[in-house]
Amino acid sequence: MKPPKFCSNFNSSPETAQEVLRSSLLKALSSAKNTSQLRALHSWIIISGLGLSVVFSGKLISKYAQLKDPISSVSVFRTVSPTRNVYQWNSIIRALTRNGLFTQALGYYTEMRETKLQPDAYTFPSVINSCARLLDLKMGRVVHEHVEEMGIESDLYIGNALIDMYCRFGDLEKARYMFDEMSDRDSVSWNSLISGYCSNGFWEEALDMYHKSRMSGIVPDCFTMSSVLLACGSLTAVEEGLKIHGVIEKIGIGGDIVTGNGLLSMYFKFERLRETGRVFAEMAAKDSVTWNTMIYGYSQLGWHEESVKLFMAMIDEFAPDVLSVTSTIRACGHLGDLRIGKYVHKYLIGRGYECDTVACNILIDMYAKCGDLLAAQEVFDTMNCKDSVTWNSLINGYIQRVYYKEGVENFKMMKRESKPDSVTFVLLLSLCSQLADISQGRGIHCDVIKSGFEDELIIGNALLDMYAKCGGMDDLSKAFSYMRARDIISWNTLIASSVHFDDCTVGFRAINEMRTEGLMPDEATILGILPMCSLLAARRQGKEIHCCIFNLGLELDVPIGNALIEMYSKCGSLENCTKVFNYMKEKDVVTWTALISAFGMYGEGKKALKAFQDMESSGVIPDSVAFIALIFAFSHSGMVKDGLAFFDRMKTDYNIEPRMEHYACVVDLLARSGLLARAEEFILSMPMKPDVSLWGALLSACRASGHTDIAQRVSNQILQLNSDNTGYYVLVSNVYATLGKWDQVRLVRNTMKNKGLKKEPGSSWIEIQKRVYVFRTSDKSFEQYDKVRDFLEYLTGLMAKEGYVADLQFALHDVEEDDKRDMLCGHSERLAIAFGLLNTKPGSPLLVMKNLRVCGDCHTVTKYITKIVQREILVRDANRFHLFKDGTCSCGDHW
DNA sequence: CTAGGGTTAG
């Protein structure tokens with residue numbers, strides 16, 4: 001080997017020569033670029049007899065560590081035994097710490113103390129750092145005591161290291177105390193504390209410290225900014241973030257890669273894609289983190305195609321690492337793109353990433369999402385280091401693809417080989433929800449309690465969901481009240497389910513209670529509560545929610561607008577429907593359908609037709625539900641020709657195959673207009689087997705028009721279909737009652753009893769001065785009963801003079817005629833109307849709701865009443881609205 | 001002595 005250049009610098013005396021050699025070797029040492037250079041130098045140092053000197057051995061130890069060769073550092077340290085001094089100890093401890101060998105570093109520190117050698121101020125920063133990285137709280141305290149014993153706690157580096165250590169321990173108070181007690185601080189002190197606040201999630205505190213640092217005249221650097229950008233991103237503090245970006249440009253650290261990456265990440269969290277693109281384009285130097293941030297960021301925002309494109313662009317100039325590949329694979333999973341998924345998967349193979357558990361977990365999830373469970377299982381089988389996420393991803397894959405048995409089997413295996421975590425139980429609970437299997441659900445609930453996960457929020461929410469889908473309101477309320485913590489999802493589940501269980505009081509109470517817990521309703525809350533207003537026709541609550549929507553800034557949200565139209569239509573305000581509709585900037589097919597249904601319910605067939613045509617010309621394509629709404633509207637306005645025409649257009653113009661509901665609408669359309677024979681023919685000529693709903697539609701029309709022979713035939717058809725729907729039995733029984741066939745009535749009622757079906761009792765309700773009054777048929781227990789009864793008798797007398805005769809066929813019980821008359825007077829809608837007339841100002845309109853269809857006699861009576869008392873009465877029954885006015889009804893008498 | 005990017009679920 002050729003001697004290094006410095007050897008030619010020899011001149012006169014040996015002392016000087018030795019000195020030149022020393023200084024030249026030291027210089028060469030500090031500029032060594034790689035380990036082979038360093039090893040060569042190392043040989044020369046040994047040959048020159050300097051190997052054991054404190055300075056040279058120390059420098060060698062540090063230099064090897066700097067070039068990431070800590071083993072050589074250790075071997076140098078070993079050769080200097082037994083002449084070790086503090087400098088050499090410090091060097092080896094620092095060398096090991098810098099290379100992540102923290103346990104070894106602490107071992108040397110302990111050994112050093114055993115040799116009775118006093119450490120100095122240079123020893124501690126590394127030792128403290130090792131304790132910090134190992135999260136060794138006990139050792140950390142011991143070392144801190146050593147520092148105090150030596151009285152060197154005011155050393156800047158030691159103080160900084162201690163701040164960092166306590167931050168990593170999560171003891172921010174202690175860290176802050178150390179910071180406050182320091183006699184002098186530098187930017188590292190500030191940065192350590194700021195980054196500590198960040199890594200513990202105290203974003204506001206981090207920003208606060210940043211502002212304090214600026215007021216103390218500290219100039220922020222790349223370290224500061226990387227923390228502060230993270231904090232702004234996490235808080236979505238947009239304005240602050242933009243300001244900080246300005247500062248970065250001003251002090252000229254925008255070219256730093258870490259800072260640039262921090263900016264990218266922050267703008268993704270702000271969803272400011274234009275800025276992200278600009279920063280990315282302007283970055284002169286990019287590293288793999290830059291690319292990964294882009295790939296992951298787009299994927300997080302649902303722009304999965306963009307992620308894949310970026311990956312393809314990246315591999316042209318950069319070797320992707322595990323994170324680039326896994327971020328892309330995740331995007332492929334969301335896209336369900338198996339082909340690209342498999343292609344990207346290849347980048348993991350043969351690079352040692354097969355052992356990366358996280359990467360494999362993502363792979364399993366991707367294959368499961370793409371439906372290739374064999375590939376998912378294969379990845380799973382080849383893994384030698386599985387964690388709970390691995391199992392969960394596989395189980396989730398099976399459940400999502402409806403392989404429930406495999407899902408459960410893997411859960412059992414997981415219980416043997418690994419430990420289920422809370423996500424595992426969430427998955428199993430959702431499985432029970434999907435299967436509506438309450439007994440298995442309760443079993444899992446026991447497992448949850450045994451495993452001690454019951455107080456976790458996501459578990460509580462999953463339990464709520466399970467009980468909502470498989471159980472009843474009682475189970476749900478109990479699960480809700482047992483929850484230790486609740487979030488918006490818990491409340492939304494409760495609210496949405498209470499509509500489902502017809503228990504609206506719970507829902508309305510919940511929306512107020514959640515606000516007292518400091519939670520603001522969100523889109524899902526509103527979408528849960530609005531159907532409740534629709535169901536109850538709770539106009540006042542509906543309006544309150546509408547105000548609330550404006551306060552929340554959700555007024556332009558499409559699903560919300562759609563639900564509002566539905567609500568106003570069910571609450572009797574067609575005017576507000578059109579107002580909401582016109583206010584909406586963006587409209588989808590659901591919006592138009594809601595408007596068409598609203599027109600249908602008010603018998604405004606022509607307006608429904610106009611709306612349908614407007615929808616077509618606005619470019620929105622009608623779907624099968626839109627046609628149901630349209631034909632329903634025609635049916636309720638007697639527009640038979642239009643109804644039949646659009647039933648054909650649905651197939652010819654839009655290629656939509658008619659479903660059972662469409663046939664039912666057409667039957668209804670024909671039958672309502674008295675074309676009973678045609679309706680029956682239509683049913684018999686259908687290409688599919690008609691279900692009970694079609695016969696039901698025909699039968700209710702027969703009943704209204706008194707066609708007894710068809711009614712009998714249809715009733716038989718319905719009984720033969722052996723349905724479990726209460727409504728049809730009630731209908732058949734009512735038909736027999738109308739015909740006076742009381743034996744048949746008893747027969748039908750017995751069938752219902754045997755099937756455990758109960759007739760829904762008729763009830764009507766009316767709201768007067770913020771109070772809802774509910775009346776059930778034949779109810780005598782409500783307040784003012786006597787007054788209402790007398791008033792009805794008085795009205796009946798006046799009506800008789802106008803020509804009214806009670807239509808006793810609507811009294812569906814086998815009793816004397818006088819009793820029948822009484823029974824008609826006890827119908828809930830009549831009670832509600834009479835009560836309403838007595839308790840509101842003369843001349844003001846009434847709004848009455850009924851859960852079933854309005855009875856024919858009550859319909860006649862209401863017409864008479866509006867003429868006598870000169871009031872408008874709006875009645876909403878199960879199907880539609882009836883606006884009674886001066887002796888007529890808007891439904892034109894066919895409903 | 002201080003900084004940045006990845007997984008499942010409601």
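All chains are named by letter (A, B, ...) in the order of the sequence lines, taking the proteins before the strands, and each is independently numbered beginning at 1.
Among the atoms of the strands shown, only primed sugar atoms or phosphate atoms (P, OP1, OP2) are found under 4.0 Å from some heavy atom of A:Arg94. A:Asp421 comes within contact range of no nucleotide atom at all, as no heavy-atom separation falls under 4.0 Å. Among the protein residues, A:Tyr157 comes within range of the nucleic acid bases, having at least one heavy atom under 4.0 Å from a base atom. Residue A:Ile489 is in base contact, counting any heavy-atom pair closer than 4.0 Å across all strands shown. Within the nucleic acid shown, A:Arg168 comes within 4.0 Å of sugar-phosphate atoms alone, with no base atom in reach, counting heavy atoms only. Nucleic acid contact for A:Leu264: none, since no nucleic acid atom lies under 4.0 Å from a heavy atom of the residue. Across all strands shown, A:Ser288 has heavy atoms under 4.0 Å from base atoms, whether or not it also approaches the sugar-phosphate. Using a 4.0 Å heavy-atom distance criterion, A:Asp221 is classed as making no nucleic acid contact. Among the protein residues, A:Ser195 comes within range of the sugar-phosphate backbone only, with heavy atoms under 4.0 Å from sugar or phosphate atoms but none that close to a base. Across all strands shown, A:Ala359 has heavy atoms under 4.0 Å from base atoms, whether or not it also approaches the sugar-phosphate. Residue A:Asp287 is in base contact, counting any heavy-atom pair closer than 4.0 Å across all strands shown.
Residue A:Lys286 places its NZ atom among more than 12 non-hydrogen atoms of other residues, nucleotides or ligands, all under 6.0 Å distant.
The interatomic distance linking A:Leu162 (CG) with B:dT2 (C1') rounds to 14 Å, in whole Å. When the C1' atom of B:dC1 is taken as reference, atom CG of A:Asp164 falls 7 Å away, rounded to whole Å. Rounded to whole Å, atom C1' of B:dA3 lies 11 Å from atom CD1 of A:Ile253. Counting to the nearest Å, the C1' atom of B:dC1 and the CH2 atom of A:Trp190 are 17 Å from each other. Between the CD1 atom of A:Ile163 and the P atom of B:dC1 there is a distance of 14 Å, given to the nearest Å. Taking atom OH of A:Tyr353 as the reference point, atom C1' of B:dT7 lies 17 Å away to the nearest angstrom. Distance, A:Leu427 CG to B:dT8 P: 11 Å, rounded to whole Å. One interatomic measurement links the two molecules: CG of A:Leu476 to P of B:dG10, which rounds to 17 Å at whole-angstrom precision.
Contact annotation: A:Arg133 does not reach the phosphate of B:dC1 (side-chain N/O to OP1 or OP2, under 4.0 Å). One finds a side-chain N or O of A:Tyr296 lying less than 4.0 angstrom from the OP1 or OP2 phosphate oxygen of B:dT7. OP1 or OP2 of B:dG10 has not a single side-chain nitrogen or oxygen of A:Asn492 nearer than 4.0 Å. Of the side-chain N and O atoms in A:Arg98, none sit less than 4.0 angstrom from OP1 or OP2 of B:dC1.
Between A:Phe179 and A:Trp190, the ring center distance clears the sub-6.0 Å criterion. If you look at A:Tyr347 and A:Phe311, their ring centroids are closer than 6.0 Å.
One can find a donor-acceptor pair under 3.5 Å joining the base of B:dG6 and the side-chain atoms of A:Asp356.
Set against B:dG6, B:dC1, B:dA9, the side chain of A:Ser327 has B:dG6 as its closest nucleotide. The side chain of A:Phe223 lies closest to B:dA3 when the candidates are B:dA3, B:dG10, B:dG6. Relative to the side chain of A:Asp256, the nucleotides B:dC1, B:dG6, B:dA3 differ in distance, and B:dA3 lies closest. Here B:dG6 is the nucleotide among B:dA3, B:dA9, B:dG6 with the atom lying nearest to any side-chain atom of A:Leu323. For A:Asn191, whose side chain is taken as the heavy atoms from C-beta onward, the closest listed nucleotide among B:dC1, B:dT2, B:dG10 is B:dT2. Between B:dA3, B:dT8, B:dG6, one nucleotide has an atom nearer to the side chain of A:Asp365 than all others, and that is B:dT8. The nucleotide whose nearest atom lies closest to any side-chain atom of A:Ser192 is, among B:dG6, B:dT2, B:dG10, B:dT2.
Each of A:Asp365, A:Leu348, A:Val379, A:Val389 was evaluated against A:Cys360; a single residue qualifies, A:Val379, per the side-chain contact (heavy atoms from CB on, under 4.5 Å) test.
Salt-bridge check for A:Asp356 with A:Arg351: failed, with every basic side-chain N at 4.0 Å or more from each acidic carboxylate O.
The backbone N or O of A:Phe223 lies less than 3.5 Å from a partner atom in the side chain of A:Ser226, making a donor-acceptor pair.
Cation-pi contact between A:Arg330 and A:Tyr296: absent, since separation from the ring centre below 6.0 Å together with deviation from the ring axis within 45° is not met.
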